[in-house]
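In what follows, a single structure is set out as structure tokens and then discussed.
Below, read A as the first sequence line, B as the second, and so on, with proteins coming before strands; counting in each chain starts at 1.
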Amino acid sequence: MRRILVTSALPYANGAIHLGHLVEYIQTDIWARYQRLRGHDCLYLCADDTHGTPIMLRAKREGVTPEQLIERMSQEHRRDFDRFAIQFDHYYSTHSPENRQLAEQIYLKHRAAGHIRTAVIQQAYCPHDQMFLPDRFIRGCCPVCQAADQYGDSCEACSATYTPLELTDARCAVCGTAPVARDSEHLFFKLDDFRPFLQQWTRGGHIQDEVANKLEEWFSSGLKDWNISRDAPYFGFAIPDAPGKFFYVWLDAPIGYMATTLSYCQQQGRCFDDYWLNNDADRPTEVYHFIGKDILYFHALFWPAVLHGAGFRTPNAIFAHGFLTVNGQKMSKSRGTFIDARHYPDTLNPEYLRYYYATKLTSRIDDIDLNLDDFIARVNSDLVGKLVNLASRTAGFIHKQGGGRLAAVYPDDGGLYQAFVAAGDEIGALYEGREFARAMQAIMRLAERANQYVEAQSPWKLAKQPGQELLVQQSCTVALNLFRLLATYLQPALPLTAARVAALFNLPALSWDARETPLFDQPIQPFSHLMARIERATIDAMLLAAAAPPPPSPPPTPSVVVPAAPELLPEIPYDLFAQVDLRIARIEQATLVAGADKLLCLTLDLGAQGQRTVLAGIRAAYPNPEILVGRLTVMVANLQPRQMKFGRSEGMVLAAGTAGSDLYLLAADSGAQPGMRVK
RNA sequence: GGCGGGGUAGCUCAGCUGGUUAGAGCGGCGGAUUCAUAAUCCGUAGGUCGGGGGUUCAAGUCCCCCCUUCGCUACCA
């Protein structure tokens, strides 16, 4: 039994999980599940990456503390991962006592060894916000081509790179004030001290060949010292011996892998040193990091150097993958292809995405494309047509003519079952080598052979001939056993379906080793549908949801006469109006209410004022409530809560309209934030 | 600009160190079947392998040039 630790990159707590993120989590999860399926002790850990200026500023903008913000994001992230059956053994946070302790320990070790130096550098400082500004928080004109509104590090128009202080007419992205140059002392990690170690390490089979080439490039252009400190105010860990300085988020983020291990070990009574310190010859631990190719520099250079210098072990390998494109293009908000996990419709099985990604994933760092038409065709053909249909077309006969039991003895199938068992070796090797695309192909080839077998036996013909019941039962017994093997092989990619297949055979779970023996002379459960075909409309609904918040759509030209707007009400004094507390609210969730035909249940985010649940009578106008998710609207926040038949409603959202579906929810211009007072 | 990865049938992709008539799945077309969530099975048609030049007895596979596409270009996250 191997002892393995795998990680995915820690998602940043500043944003939602989208389909691009999921490539990595699904890839890692499939690999980890495969290892567990083979009986190995495989730990899959992850955490939220929580520090840095963007988190601090966003929390400020939303009127919450950074801790509140990261707590909320963590919950959202966990919910998204859970939905896609990503099975972490532990999901933690970089804002944890364990991480602080490890970060300090590692830093002090490096400092004691002379790998940290200090230097005064000049950076852009915003006198209004009283803080140093990261490059991305400065906008101005490109000093080279004069393009307006460029970031502080490079120009999107002419790709020139420069420092923020070189920008013409630079402005703080937060408040618009012109930044000034200001000196500050910083701490630098002397990466070049580790050059010999790193050059050896990168040639030690720890990284993919393409990546090694890339590293060569970096080596030849020189390893520069790495600034690991940031000035207050900063959301992060204070550096022990440097007042007013904090660890740069990228220092403590990877240490989060270790902190999560530590937290897990404390909970589970396991030994942290087994994972990060000792690597005894008796039972070495394998450590693997799955990452996107964009963060290679951090994981393939800084991280091994940081670990090595602090006396910890380095990972066995870094597995980098490419980016996700949608319909051949970069995900884009304006094209409506920037799809967050929450946009993935409830009516669409998450395992479809897992399978589709699996059919595309290789061990290389190529980008992979989510072609939505191909997605539909692939899933419908492979999973519904070839896989599920195999059981659907044969299980019925076991109940109709076999007494609900598999044949008393496993029949002669011409060696088919053994061929399927033998194919497991190749499929296993493909999983192990992260060649999921080939693994899926191999499995589907088997599925085709199984369907050919059924076709050749034609149990439906035999079923019409009296006295052939045994043959019917036997051929379906073979088919169902083959189906069971297919489900076993697909289990890492389709864990939920595999569990249901296990239940069909009255098994607690499908197991890799048990596949060697066919099942016979035992009852099976009645077959129930495992998967539905993807309808184009479901995909369209997803794209619609992804496009939210949608621009206020022009009112449809009514074919009937618009009812005249009612007369104005009598005047009121200002004081009366001022008693109504109107607030900007972000629609976090919008669902139909079971049993109610006019209501939607909205979960509204009011920023600092927390969340509200509002039952709104707007279903007629918004039959697909998911399109509302993410939108900003206006609510009456101090309306007395009202107990309704379907629950308590804590306020009301504002909408214009006459009646029925002629109803239009108010929207706020961009820039408005949840919780803002409307007046 | 520099560097790197792609450009192979309508779609998604295989094609190892150059070697017989370039492959798969899906889709198309024709047929069979109707057990199954219109699923399955059999057959078939589709490609001057981005363009041009070169090396070679032989190139999708090597070299050069060009077109095109995506990405990277570190102290942003």
Side-chain angles (χ1 to χ4, degrees), chain A residues 11-15 49 51-55 121 123 133-138 151-154 158-161 163-164 186 188-189 191 210-211 213-214 216-218 220-230 248-250 253 293-298 301-302 322-323 325 328-330 356 359-360 362 364-371 373-382 384-397 400 437-438 440-441 444-445 447-448 450-464 472 475-476 479 527-533:
Chain A
Y12 199 49
N14 191 28
D49 177 18
H51 292 152
T53 307
I55 301 284
I121 57 169
Q123 288 180 304
L133 296 169
D135 295 353
R136 284 276 153 157
F137 283 89
I138 300 171
Y151 287 120
D153 53 352
S154 64
C158 73
S159 344
T161 57
T163 72
H186 279 273
F188 291 84
F189 176 68
L191 183 61
E210 318 97 281
V211 175
N213 295 338
K214 190 73 188 170
E216 277 308 320
E217 223 177 275
W218 285 331
S220 60
S221 63
L223 301 181
K224 294 191 183 146
D225 293 346
W226 182 36
N227 185 351
I228 57 165
S229 57
R230 291 295 183 272
Y248 175 43
V249 56
W250 259 112
K293 62 184 182 183
D294 52 327
I295 54 176
L296 264 171
Y297 202 86
F298 298 99
L301 291 181
F302 292 140
F323 295 145
T325 55
Q329 292 183 298
K330 202 171 173 176
Y356 189 73
T359 66
K360 297 275 192 160
T362 70
R364 296 187 306 271
I365 59 173
D366 307 322
D367 292 350
I368 72 170
D369 184 44
L370 168 60
N371 179 293
D373 288 320
D374 187 52
F375 174 60
I376 296 172
R378 195 95 190 207
V379 166
N380 287 349
S381 170
D382 288 0
V384 180
K386 290 177 188 168
L387 179 74
V388 169
N389 188 233
L390 178 63
S392 172
R393 66 193 303 208
T394 52
F397 290 114
K400 276 182 274 181
R438 288 175 184 276
M440 297 305 114
Q441 278 170 23
M444 281 307 138
R445 266 199 297 276
E448 283 169 27
N451 276 303
Q452 286 163 4
Y453 169 84
V454 173
E455 202 70 24
Q457 298 297 313
S458 298
W460 54 93
K461 285 182 188 162
L462 297 169
K464 289 173 185 158
V472 172
S475 59
C476 292
F527 180 79
S528 58
H529 290 176
L530 291 172
M531 290 179 176
R533 299 173 65 79

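- Side-chain N/O atoms of A:K293 include none lying less than 4.0 angstrom from OP1 or OP2 on B:rG71.
- With a 4.5 Å cut-off on side-chain heavy atoms, A:T394 and A:F527 do not count as touching.
- A:Y453 contributes no side-chain N or O that, together with a main-chain N or O of A:E448, makes up a donor-acceptor pair within less than 3.5 Å.
- Using a 4.0 Å heavy-atom cutoff across all strands shown, A:Y297 reaches at least one base atom of the nucleic acid.
- Base engagement by A:D225 is indicated by at least one non-hydrogen atom pair under 4.0 Å involving a base atom.
- For B:rC49 and B:rC62, the P atoms lie 15 Å apart once the distance is rounded to whole Å.
- In this structure, A:Q452 reaches the B:rC42 phosphate: one of its side-chain N or O atoms is under 4.0 Å from OP1 or OP2.
- Here A:M444 lies out of heavy-atom contact (under 4.0 Å) with every strand.
- When each of A:N227 and A:V454 is assigned the nucleotide of RNA chain B with its nearest heavy atom, A:V454 is the one assigned upstream, toward the 5' end.
- At the heavy-atom level, A:G52 lies nowhere under 4.0 Å from the strands shown.
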The dot-bracket string of RNA chain B, counting Watson-Crick and G-U wobble pairs with both distances under 3.5 Å, using [ ] for crossing pairs and | for pairs to another strand, is (((((((..((((.....[...)))).(((((.......))))).....(((((..]....))))))))))))....
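- The phosphate of B:rC13 has neither OP1 nor OP2 within less than 4.0 Å of any side-chain N or O from A:R364.
- Taking the syn range as angles within 90° of 0, the glycosidic angle of B:rG50 is outside it, so the base is anti.
- Contact annotation: A:N371 side-chain N/O to B:rU12 OP1/OP2 distance is under 4.0 Å.
- Here A:R438 reaches the OP1 or OP2 of B:rG15: one of its side-chain N or O atoms lies under 4.0 Å away.
- With P as the reference atom, B:rG19 and B:rC26 are 28 Å apart, rounded to whole Å.
- Distance from the side chain of A:F323 is smallest for B:rG71 among the nucleotides B:rC35, B:rG71, B:rG25.
- Listed nucleotides B:rC35, B:rG5, B:rC13 differ in distance to A:D369; the shortest reach to its side chain belongs to B:rC13.
- Partner of A:T325 under the side-chain hydrogen bond (donor to acceptor under 3.5 Å, both in side chains) criterion, out of A:D369, A:N371, A:D367: A:D369 alone.
- Nucleotides B:rA9 and B:rG23 place their P atoms 14 Å apart, quoted to the nearest Å.
- Using a 4.0 Å heavy-atom cutoff across all strands shown, A:K386 reaches sugar-phosphate atoms only and no base atom.
- Between A:K360 and A:S392, it is A:K360 whose nearest contact on RNA chain B lies nearer the 5' terminus.
- When the P atom is compared between B:rG7 and B:rC76, the two are found 35 Å apart, to the nearest whole Å.
- In this structure, A:L530 reaches the bases: a heavy-atom distance under 4.0 Å links it to at least one base atom across the strands shown.
- Across B:rA58 and B:rU20, the matching C1' atoms stand 11 Å from one another, rounded to whole Å.
- Listed nucleotides: B:rC13, B:rC11, B:rU33. Nearest to the side chain of A:W460: B:rU33.
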